[in-house]
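On a predicted model such as this, the values are computed, not experimentally measured, just so you know.
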Amino acid sequence: MPLQRSNTADKFIVDRRKPHRNSDVARAVRKTRDRLSQQAGNPDFDRELLKLHARAMTSSAIAIPLLVLAIAAAGWLTGVGNEIGLWALFTLACYTIVTFLARRIERTEASDLNPLQTQRELLIGHFLCGLGWGWFVWLGCSTCQVDQFHVVKAVVLLFAMAATAVVTSSLRGALPATFAVPVALYAYAGIKLWMPVEAIMAGLLVVSLPFFAYLARDLNRASLMLLSFRSEKDALVAELETAKSMSDEARRRAEDANLAKSRFLASMSHELRTPLNAILGFSEVMSNEVLGPMSNPTYRDYAHDVHESGQHLLDLINEILDLSRIEAGRYQLNEEPVMLLNIVEDCCHMMELRARNKDIRVVQDFEHELLRLFADERAVRQITLNLLSNAIKFTATGGEIRVRVGWTAGGGQYISIKDNGPGIPEDEIPVVLSAFGQGSIAIKSAEQGTGLGLPIVQGLLAIHGGEFQLHSKLREGTEAIAIFPLSRVMEELPALPTAAVAAVAARRR
């Protein structure tokens with residue numbers, strides 16, 4: 001389990017040495033919020049719609065010209081004559097102009113576009129294309145081999161209107177500008193001829209034009225909604241960037257401050273311990289009356305209290321310095337082959353007197369065939385003593401503590417210390433695992449600690465590549481498990497053959 005760190009750092013700290021970054025982020029947030037609040041008709045949204053229209057025109061630049069060429073080829077084959085070729089050239093020239101305008105808009109930055117002028121140029125281009133379709137409507141063919149030639153022209157216009165409605169949906173007014181003249185000419189021709197079929201087709205075209213215009217308007221609304229969603233996404237991204245920059249800066253400053261604190265404490269070991277050692281030594285000499293009896297017994301009691309207080313303060317400083325060295329990465333391991341079983345047994349004997357004073361029974365359940373660990377003996381001993389001390393401290397009189405040492409499923413080794421004390425609420429486990437953290441039971445207990453024992457255990461195990469687990473339930477007890485990984489277990493070397501042993505002994509002689 002990783003070492004718990006405080007997460008209460010100020011998240012609103014901004015590095016004043018980077019004003020350019022903060023101002024850029026704030027400017028991006030304001031810009032995207034303005035875009036998010038735009039409605040149709042706003043110049044920025046009109047620019048985006050013009051860019052969408054230009055992209056649609058360039059991507060479909062071949063579709064309608066292919067339709068024109070197909071119509072020209074079919075008309076020439078049916079005997080319309082050279083006039084259909086002239087019409088095709090004029091219409092293709094008009095669509096080429098519109099495509100050229102679209103490519104120019106697509107290559108231009110949105111901020112450099114003049115929406116009104118660009119929209120006017122595009123509508124003029126579409127109007128010229130509409131003149132081409134009007135010419136197609138006015139074409140006649142007295143020698144054609146196709147019956148109902150006017151019906152064929154109406155069907156072609158319907159196809160062209162449908163394609164134009166889809167392609168030009170991002171530009172308002174493009175469809176009426178293109179097909180208002182052709183539909184009016186067809187209706188005029190139908191009324192002039194006054195043939196039932198031509199009249200029906202003219203009415204169909206007149207009705208189809210507003211219908212396709214309605215569809216184009218719906219597609220335009222969909223494009224506006226798409227732009228709105230994109231603006232909202234840009235706003236969220238900008239705000240997340242702002243929050244991230246502030247959070248990163250606050251985290252960096254908090255980590256720097258924490259590291260500076262840890263380095264300071266780790267380097268203050270001598271300065272803090274030297275005066276305490278003098279206090280402990282002189283108070284012990286005075287309380288034991290080494291230099292002679294003290295006439296006033298109250299002074300002797302005071303000296304004893306000073307010695308106990310100094311010892312408690314020294315233990316606290318040692319724990320703080322150990323934790324600071326661990327956090328600062330300056331804890332040096334003195335690694336050597338150690339027997340985990342022997343260390344745990346020694347620690348149990350050391351804590352036996354404290355357990356007897358509270359009438360607590362310590363049950364040892366060890367697996368005796370354990371290999372050596374390559375670890376720091378002092379650190380392993382400190383881990384065991386901290387866990388045993390906590391178990392004895394919070395176990396009621398007459399309780400039981402079970403100490404187990406054995407193999408893990410992954411091939412490592414573990415120390416388990418389980419008590420039948422009051423337990424820890426589940427929501428308080430992260431608190432007791434943090435530095436200086438104490439649960440509600442520890443606060444109410446008469447034997448309050450510093451709240452550094454378990455964080456030190458976590459840190460020492462993390463340095464060894466191990467893991468610490470804490471399982472507890474209210475009124476059922478607590479189990480603390482220190483796990484050492486497989487990489488720390490030393491393999492047992494095979495015994496040398498008898499001949500090899502004899503050769504080694506001969507060489508030594």
Side-chain angles (χ1 to χ4, degrees), residues 49-108 113-144 146 149-150 152-189 205 208-209 212-213 216 219:
L49 288 173
L50 289 173
K51 298 285 283 187
L52 287 177
H53 175 73
R55 196 175 300 117
M57 290 301 299
T58 53
S59 61
S60 61
I62 303 177
I64 296 181
L66 284 178
L67 176 63
V68 172
L69 291 175
I71 294 171
W76 184 76
L77 291 175
T78 55
V80 175
N82 295 330
E83 191 178 1
I84 191 94
L86 296 175
W87 164 80
L89 289 177
F90 177 77
T91 307
L92 289 176
C94 294
Y95 276 104
T96 302
I97 294 173
V98 174
T99 304
F100 174 77
L101 291 174
R103 290 188 181 278
R104 190 189 67 182
I105 294 170
E106 195 172 10
R107 288 193 298 264
T108 307
L113 289 176
N114 186 344
L116 295 177
Q117 181 180 353
T118 306
Q119 187 175 5
R120 190 182 304 114
E121 292 175 355
L122 287 173
L123 289 177
I124 291 173
H126 285 289
F127 178 75
L128 292 176
C129 296
L131 293 180
W133 289 111
W135 187 358
F136 172 74
V137 169
W138 203 252
L139 284 176
C141 183
S142 57
T143 61
C144 288
V146 179
F149 183 62
H150 292 283
V152 174
K153 289 193 291 186
V155 172
V156 171
L157 281 181
L158 285 174
F159 275 110
M161 288 169 61
T164 305
V166 174
V167 174
T168 64
S169 59
S170 300
L171 181 63
R172 294 189 302 272
L175 185 65
T178 306
F179 288 98
V181 173
V183 171
L185 289 175
Y186 192 93
Y188 173 75
L205 286 176
S208 297
L209 183 60
F212 284 123
L219 292 175

Mind checking whether N114 and Q119 have side chains closer than 4.5 Å, heavy atoms only? no
Which atoms form the tightest heavy-atom contact between P182 and V137, and what is the distance? O-CG2, 3.8 Å
Identify the two heavy atoms, one from A213 and one from L175, that lie closest to each other, and give their separation to 0.1 Å. N-CD2, 3.3 Å
From T164 atom OG1 to L171 atom CG, the distance as rounded to the nearest 0.5 Å: 12.0 Å
What distance do L157 atom CG and L185 atom CG have between them, rounded to the nearest 0.5 Å? 10.0 Å
Is atom CZ of F127 surrounded by more than 12 heavy atoms (other residues, nucleotides or ligands) closer than 6.0 Å? no
Does L205 reach the side chain of L209, with side-chain heavy atoms less than 4.5 Å apart? no
What do you reckon, is CD1 of I62 surrounded by more than 12 foreign heavy atoms closer than 6.0 Å? no
What one should report as the nearest heavy-atom pair of F212 and A165 is O-CB, 3.9 Å
Distance in Å, L131 CG paired with T91 OG1, rounded so as to fall on 0.5 Å steps: 9.5 Å
Let me have the donor-acceptor pairs involving side chains of residues 93-104, under 3.5 Å, with sequence neighbours excluded, atom names and distances please.
from	atom 1	to	atom 2	distance (Å)
Y95	OH	W133	NE1	3.0
T96	OG1	L92	O	2.7
T99	OG1	Y95	O	2.8
R104	NH2	E121	OE1	2.6

Is there a side-chain contact between F136 and I71 in this structure, where contact means two heavy atoms from C-beta onward sitting under 4.5 Å apart? yes
Just by modelled atom types, is the T108 backbone N or O under 3.5 Å from a matching donor or acceptor in the K51 side chain? yes
Is L49 close to R172 at the side-chain level, that is, under 4.5 Å between some pair of heavy atoms? yes
If we only count heavy atoms from C-beta on, is the H53 to V167 side-chain gap below 4.5 Å? no
How far does CZ of F179 sit from CG of L158, to the nearest 0.5 angstrom? 9.5 Å
Quick check: do L86 and W135 have side-chain heavy atoms less than 4.5 Å from each other? yes
Atom pair CE/OG1 of M57 and T168 - distance to nearest 0.5 Å: 7.5 Å
Value rounded to 0.5 Å, distance of CD1 in I64 from SG in C129: 8.0 Å
Verify, without hydrogens or angle tests, whether S59 (side chain) and A56 (backbone) share a donor-acceptor contact under 3.5 angstrom. yes
